[in-house]
Amino acid sequence: METDKRISVGLHRIAGILLLGAIGFSCSEDELTMLGADLRSPPPGLADTLLTTVQFDSVFLIPVSLGNSGRGQLGTQGAYTTHVLYDFFVPTTVEDSIALSAGRVAVDMTQVGEFFSGTMPIALREVAPGARDWSVDSVLTAVPKLTEAIIAAPETLSSEDLSEGTRLEFIIDLAQLADFDSVMASGDSLLEVNVAMLFEGFESGGPGFVEYPYLDASNVETASFNATYDDVIELVAPDRRLTVVEFDTTYSPGTNLVASDGWRLHSFIHFADVSSVLPESAFVERADLILVQADFFGWLREFGVMVPSDSVLIDSTLVFSEAENTRSLAFRTSIPAADDIVQIEVTPYLFDQQEGSVVNRGMLLRLSNEGTSARHFEFYGPRDAMPERRPRVRIIYGLPADFGETRP
């Protein structure tokens, strides 16, 4: 069934008190100055310090639809299991009203992405007529209700056989489809075939996913319904398709921070004010949020942080709202290999905080291009057993010349 489109907030982990009150400010996210030098290490005259005190951190989830993704995904890993829905309107008769008795659903794994080992059985089942109201914007937590009929024998996909020419083919007994008899009796020529490609587990190997594009390089559908009679072949492209992501709600990140897709998991982290580690007269030259990667799966180009809007200064609970969690990334970086350090430059944000033109509103971690596929990245959190793996902000700063005066 489709989830309520309202925000679901869960998996909260509180490590202190969020100090976001009704504090004045003069600069919003879009007005950040973008000052700061691209420095790898402090040159003479500059110093660096670490901001490590985290006053609040939380991981929470907000469901998302994958209907606008250009790729299908089948398999399971971590808390995620994925299936693919297709909807076809197919002919029931050919020349001279001769009734068709069989058809095929064929899916070409063109430009396939292989992220699993072993073999995975995949079944094709029909969605019950009363459960076909899903759309590309639907956020589904499970495959819709299915009919009891076995419409096609399952197929087995092997990682050893995957190539750009791999094709899954399901031979369908049209007589087993819902409403086939009534459509034929009424003389209608089209029948809605609404099916689910179901991942049924791993016979060997795993975990992992197989991903394939919905369209090939010529913008041709890689999935089709083929209705065949003698030498007549009707090729029908799907009217709509959607990857369905099932999420194990017993999943817990422990003490880790998370950025995830399929089911969006965001982490909110609120460090102490920059004034807690810098002299009042300090000038921020560069600031980087530094995270250490703990675990991941999935392909990703960029990761970054959103800066919450002014509204969270009035009501701190709004940081968990959909509006705050769909803001554009204020700062971003590429994701390196596992166990590597992830560094996101946040200089304008820390500079403006130090200058007093922006109030510390914390940061929200998220992946770029959400609604793409099930993918998951974890980072060691502020209560990790090893302090060197905990999140921190490295600040490179300078002090004004004292013109011969002695600083206190």
Side-chain angles (χ1 to χ4, degrees), residues 7-20 29 51-64 78-80 247-249 251-272 288-298 300 302-309 312 316-336 338-346 349 360-372 374-386 389-393:
I7 297 304
S8 171
V9 176
L11 304 180
H12 287 150
R13 297 188 286 105
I14 299 176
I17 299 174
L18 180 59
L19 302 178
L20 294 181
E29 177 196 27
L51 181 58
T52 59
T53 301
V54 174
Q55 296 177 330
F56 180 97
D57 72 284
S58 178
V59 175
F60 56 99
L61 60 89
I62 302 177
V64 64
Y80 299 90
F247 181 75
D248 181 0
T249 56
Y251 157 81
S252 171
T255 63
N256 288 344
L257 302 174
V258 175
S260 197
D261 196 8
W263 273 64
R264 291 183 296 188
L265 272 74
H266 293 171
S267 292
F268 176 66
I269 187 164
H270 190 275
F271 285 90
D288 294 280
L289 172 64
I290 299 173
L291 304 169
V292 179
Q293 208 163 191
D295 192 16
F296 81 101
F297 63 79
L300 180 70
E302 290 183 316
F303 160 80
V305 298
M306 297 174 286
V307 175
S309 69
V312 302
S316 62
T317 64
L318 291 178
V319 78
F320 305 113
S321 68
E322 186 167 15
E324 292 299 321
N325 283 272
T326 52
R327 292 170 64 81
S328 60
L329 290 176
F331 309 102
R332 62 182 70 205
T333 189
S334 59
I335 289 283
D339 298 324
D340 279 357
I341 291 176
V342 177
Q343 182 172 295
I344 307 170
E345 186 185 354
V346 292
Y349 191 30
N360 181 7
R361 306 189 289 262
M363 292 178 277
L364 281 159
L365 310 182
R366 77 161 170 86
L367 306 180
S368 66
N369 194 25
E370 285 189 324
T372 301
R375 50 202 176 126
H376 183 85
F377 292 77
E378 294 189 10
F379 309 90
Y380 295 108
R383 289 171 303 287
D384 189 77
M386 299 176 63
R389 300 195 306 197
R390 297 172 186 171
R392 56 198 183 274
V393 177

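In what follows, residues are counted from 1 in the order of the sequence shown. From a predicted model like this one, the values you see are computed outputs, not experimental measurements. Side chains included, hydrogens not; waters and symmetry mates left out as well; all remaining heavy atoms used.
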> Does a side-chain heavy-atom distance below 4.5 Å link W263 with T249?
Replying inline: no
>> Could you measure the distance from the CG atom of L289 to the CE atom of M363? Nearest 0.5 Å is fine.
In response: 4.5 Å
> In chain order, what residues pass the side-chain hydrogen bond (donor to acceptor under 3.5 Å, both in side chains) check against S309, with sequence neighbours excluded?
Replying inline: S311, E324
> Do S260 side-chain atoms and H266 backbone N/O form a donor-acceptor pair below 3.5 Å?
Replying inline: no
>> With a 3.5 Å distance limit and no angle check, can you tell me whether S267 reaches the backbone of V59 through a side-chain donor-acceptor pair?
In response: no
> Out of curiosity, E302 CD to T333 OG1, how far, rounded to the nearest 0.5 Å?
Replying inline: 8.0 Å
> Of all residues at least two apart in sequence or in a different chain, which pass the ring pair (Phe, Tyr, Trp, His ring centres under 6.0 Å) check with F271?
Replying inline: none
> Roughly how far, to the nearest 0.5 Å, is the CG atom of L365 from the CG atom of L257?
Replying inline: 6.0 Å
> Do the rings of Y251 and F247 sit parallel, tilted or perpendicular, given the 30° and 60° boundaries?
Replying inline: perpendicular
>> Checking T52 now: which residues fulfil side chain to side chain contact (heavy atoms under 4.5 Å, CB included) with it, not counting sequence neighbours?
In response: L50, R392
> Got a sec, which residues hit side-chain hydrogen bond (donor to acceptor under 3.5 Å, both in side chains) with R390, two or more places apart in sequence or on another chain?
Replying inline: none
> Which heavy atom in V64 sits nearest to a heavy atom in G371, and how many Å separate them?
Replying inline: CG2-CA, 4.1 Å
> Looking at V305 and V346, what are the two nearest heavy atoms and their distance?
Replying inline: CG2-CG1, 4.2 Å
> Should the ring pair F377 and F296 be called parallel, tilted or perpendicular, given that the plane angle runs from 0 to 90° and is split at 30 and 60?
Replying inline: parallel
>> To the closest 0.5 Å, what do you measure between CZ (F268) and CZ (R366)?
In response: 15.5 Å
> Does the ring center of F303 lie less than 6.0 Å from the ring center of F379?
Replying inline: yes
> V307 and R361: side-chain contact (heavy atoms from CB on, under 4.5 Å), yes or no, with the steps?
Replying inline: CA-CA 7 Å; V307 175; R361 306 189 289 262; 3.5 Å; yes
> Is there a side-chain contact between N360 and H270 (heavy atoms, below 4.5 Å)?
Replying inline: yes
> In Å, rounded to the nearest 0.5 Å, how long is the span from CG of D288 to CG of L51?
Replying inline: 12.5 Å
> Are any side-chain N or O atoms of R327 and backbone N or O atoms of P308, one a donor and one an acceptor, separated by less than 3.5 Å?
Replying inline: no
> Any donor-acceptor pair under 3.5 Å linking the side chain of N325 with the backbone of V319?
Replying inline: yes
>> Minimum heavy-atom separation for I62 and S321, please, with both atom names.
In response: CD1-O, 4.2 Å
> For the side chain of Y349 and the backbone of G362, is there at least one donor-acceptor N/O pair under 3.5 Å apart?
Replying inline: yes
> What residues, two or more places apart in sequence or in another chain, satisfy salt bridge (Lys or Arg N to Asp or Glu O under 4.0 Å) together with E370?
Replying inline: R264
>> Apply side-chain contact (heavy atoms from CB on, under 4.5 Å) to residues L291 and Y380 and explain how you reach the verdict.
In response: CA-CA 7 Å; L291 304 169; Y380 295 108; over 6 Å; no
>> Angle between ring planes, F56 versus F320, binned at 30° and 60°: parallel, tilted or perpendicular?
In response: tilted
